[in-house]
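Down below is the structure, laid out as C-alpha cells.
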Amino acid sequence: MAKLSWQHHSRGRRLVSTSYFILATLTLLFSWSCPVLGKKKLYIGALFPMSGGWPGGQACLPAAQMALDLVNKRTDILPDYELELIHYDSMCDPGEATKLLYDLLYTEPIKIVLMPGCSSVSTLVAEAARMWNLIVLSYGSSSPALSNRQRFPTFFRTHPSATLHNPTRVQLFQKWKWTKIATIQQTTEVFTSTLDDLEQRVKEAGIEISVRQSFLTDPAVAVKNLKRQDARIIVGLFYETEARNVFCEVYKEKLYGKKYVWFLIGWYADNWFKIKDPSINCTVEQMTEAVEGHVTTEIVMLNPETVRGASNLTSQEFLAQLMSKLGGKNPEETGGFQEAPLAYDAVWALALALNKTVGPLKAKGRRLEDFNYNNKDITAEIYRALNTSSFEGVSGHVVFDAQGSRMAWTLIEQLQGEQNKSHFMIYFPLKTVRYR
Ligand SMILES: *[C@@H]1O[C@H](CO)[C@@H](O)[C@H](O)[C@H]1NC(C)=O
Ligand SMILES: *[C@@H]1O[C@H](CO)[C@@H](O)[C@H](O)[C@H]1NC(C)=O
Ligand SMILES: *[C@@H]1O[C@H](CO)[C@@H](O)[C@H](O)[C@H]1NC(C)=O
Ligand SMILES: *[C@@H]1O[C@H](CO)[C@@H](O)[C@H](O)[C@H]1NC(C)=O
Ligand SMILES: *[C@@H]1O[C@H](CO)[C@@H](O)[C@H](O)[C@H]1NC(C)=O
C-alpha cells in the first residue's frame, strides 16, 4: 500500500499538473483492486514450548498456523487486516520465557496479544501483561491458580482449568451414593490444587475422606497404605506414566476387583495401561486385569459431534489436516497433539474477537492498528469481545467463564472389558448427553 501510493506520487510529480485530489482517488481505487497490499498487519506474540515438561508446541504451533492461514483467507473476518504470528520456543521454562517476553515487548513490531502455553510460562506472562495493557490468550494451561482475575486481569485460556469438573465429579459421587472415599495423588502443583478444591466440595457434600496418600515418583508405599487402611473407593490423581506405576502396584497388592472402585483424574491416552514401559515389570495381561472397571473423568478436547463450526472444519477434518501438516510424524510422539484443537480454537477465538471490535472502535474513532502498550481503551474492547466469545470450535463449544477460563465438556468413561467402554458426557452444569 505504502509502496503503491509512492509510485503514484512520483508519477504525479512528473505530470506536475495532476491534482492531489485525483492522486488520492487513484490510490483508493488501487487499494480496492489490490486488497492484499492494502491489508494492515496485526502481530501475535506467541510462546510455543518445543521441549521441556510439556512440549506442546510440536502440534499446537502447526495447528495455530492452520487457523491463521484460514482466518487470513476469509473475507468476512478482519478483511482489512492480516494476522501474523511471531513465536519463540519457551521450552516450558519460566526463566527462558522471561528473556523471550522481554524480546517480544521491547522489539518492534507491537504485538496486539500474547499467546503462551504451559502453566508456569502463562503465569509469568499473564502477571506481567497488565503493565503493557496486553490481553493474554493461552491454548495450553490447566493450572487452577490461573483462574484469578485479581492477579491475571487480562488472561483467557481455551484450555479448561483442572478444577472445572470438580462439581461434576462430586455430583457423580453423590449419584453413586458414596459416603467415604480415599485419595492418592502425585505431588505436583496441578493435582494438589485440584485435590484441595475437590476436598472442599466433597466436605460440603457430606462425603468423608478416610485416607489420604501421596507420592512423588514411586507409589509403592502409598498403595500399600491404601490396602492396609482398607480403602474401597479410591480417587487417584496422577499423570499417565505414574498411573502405570500405580496400577502395577495395585496388581501386586490385589487392590482391584469387585470390592474396589478406582476413580481417576488426569489425562490418559487410549489404552495407556498397555503401553510398554520399562519402569514397570507387570505384563499387559496383569495391567489389564488391574484397571478393569476404573472410571476416568477427562476434559473433552475434541468436538465429538460432526459439525462445521466457525472455521468450517469438522473436528475429524481438522485432525486429518493436522496429520498431513505434521508430515507422517506419529501423533503419540508429537507433544501437544491432544491439545492442538485448543490452539486452533484459540486463534479463531482471537480472530473473531478482534473482528468484533472493529465496529465499536470505529464508533470511537479508533482502529486496531492504533494499539500500543499505553492504550487501555483498545484493550478493554478486545477484553469485552473475548469475554463474550461463543462459537463452535473443533474442541467443542468455545465459551469462557468470568475468570477467562474455558468451559468444556467432561467425558466420563468406565472400562468394562476389552474395547468396551461405556461412556457419557456431562456439560457442567447444564445437560447430560449419552454416547453409544
Ligand atoms: C466480522 O465483523 C463484521 C462486522 O464488522 C460482521 O459483519 C461479520 O459477520 C463478522 N464475521 C464473523 C465471521 O463473525
Ligand atoms: C517385579 O519385580 C519384583 C522384584 O523386583 C518381584 O518381586 C515381583 O514379583 C515382580 N512382579 C511381577 C508382576 O513380575
Ligand atoms: C464448508 O466446507 C464444505 C466442505 O468442504 C464446502 O462444501 C462449503 O462450501 C464450505 N462452506 C463455506 C461457507 O466455505
Ligand atoms: C465478562 O463476563 C462476565 C460473565 O462471564 C461478567 O461478569 C463480566 O462483567 C464481564 N466483563 C466485562 C468487562 O465485560
Ligand atoms: C460389553 O459390555 C456389555 C455390558 O456391560 C456386555 O454385555 C458385553 O458382553 C461386553 N462386550 C465385550 C466385548 O466385552
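Just the heavy atoms: all of them, side chains too, but no hydrogens, waters or symmetry mates, feed the values below.
Of the possible donor and acceptor atoms, none in the side chain of Ser395 sits under 3.5 Å from a partner among the backbone N and O of Leu342. Checked by atom type and distance alone, the side chain of Asn355 never pairs as donor or acceptor with a backbone atom of Ile77 at under 3.5 Å. Looking only at distances, no side-chain donor or acceptor of Asp197 sits under 3.5 Å from a matching main-chain atom of Thr194. Distance alone, capped at 3.5 Å, is enough to place a donor-acceptor pair between the Thr154 side chain and the Leu134 backbone.
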Apply side chain to side chain contact (heavy atoms under 4.5 Å, CB included) to residues Phe247 and Phe273 and explain how you reach the verdict. CA-CA 8 Å; Phe247 278 91; Phe273 49 92; over 6 Å; no
Kindly indicate, with the supporting measurements, whether the criterion side chain to side chain contact (heavy atoms under 4.5 Å, CB included) is fulfilled by Leu198 and Ile265. CA-CA 11 Å; Leu198 186 68; Ile265 296 175; 4.1 Å; yes
For Glu82 and Lys40: C-alpha separation, side-chain torsions, deciding distance, then whether salt bridge (charged side-chain N to carboxylate O under 4.0 Å, His left out) applies. CA-CA 6 Å; Glu82 189 180 334; Lys40 285 162 238 94; over 6 Å; no
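Under the 6.0 Å cut-off for aromatic ring centres, Trp54 and His159 do not qualify, their centroids lying 6.0 Å or more apart. Ring pair Tyr344/Tyr139: centre-to-centre distance not below 6.0 Å. Aromatic ring centroids of Phe48 and Tyr88 lie 6.0 Å or more apart. When ring centroids are compared, Tyr239 and Tyr268 stay outside the 6.0 Å threshold.
Put simply, CD1 on Ile280 and OG1 on Thr241 are 10.0 Å apart, with the number rounded to the nearest 0.5 Å. We find the CE-SG distance between Met91 and Cys118 to be 11.5 Å, quoted to the nearest 0.5 Å. The CG atom of Asn271 sits 4.5 Å away from the NZ atom of Lys274 when rounded to the nearest 0.5 Å. Distance check, rounded to the nearest 0.5 Å: CG of Asn387 to CZ of Phe156 gives 5.0 Å. One finds the OG1 atom of Thr297 at 8.0 Å from the CG atom of Leu172 (value rounded to the nearest 0.5 Å).
Relative ring orientation between Phe215 and Phe238 is described as tilted, the plane-to-plane angle lying within the 30° to 60° band. Taking the six-membered ring for Trp and thresholds of 30 and 60 degrees, Trp176 and Trp178 have ring planes inclined between 30 and 60 degrees apart.
For Pro49 against Cys92, the heavy-atom pair with the smallest separation is CB-N, 3.5 Å. Here the closest non-hydrogen pair linking Gln58 and Glu333 is OE1-O, 3.8 Å.
Judged by a 6.0 Å distance limit and a 45° cone about the ring axis, Arg384 is not positioned over the six-membered ring of Phe400.
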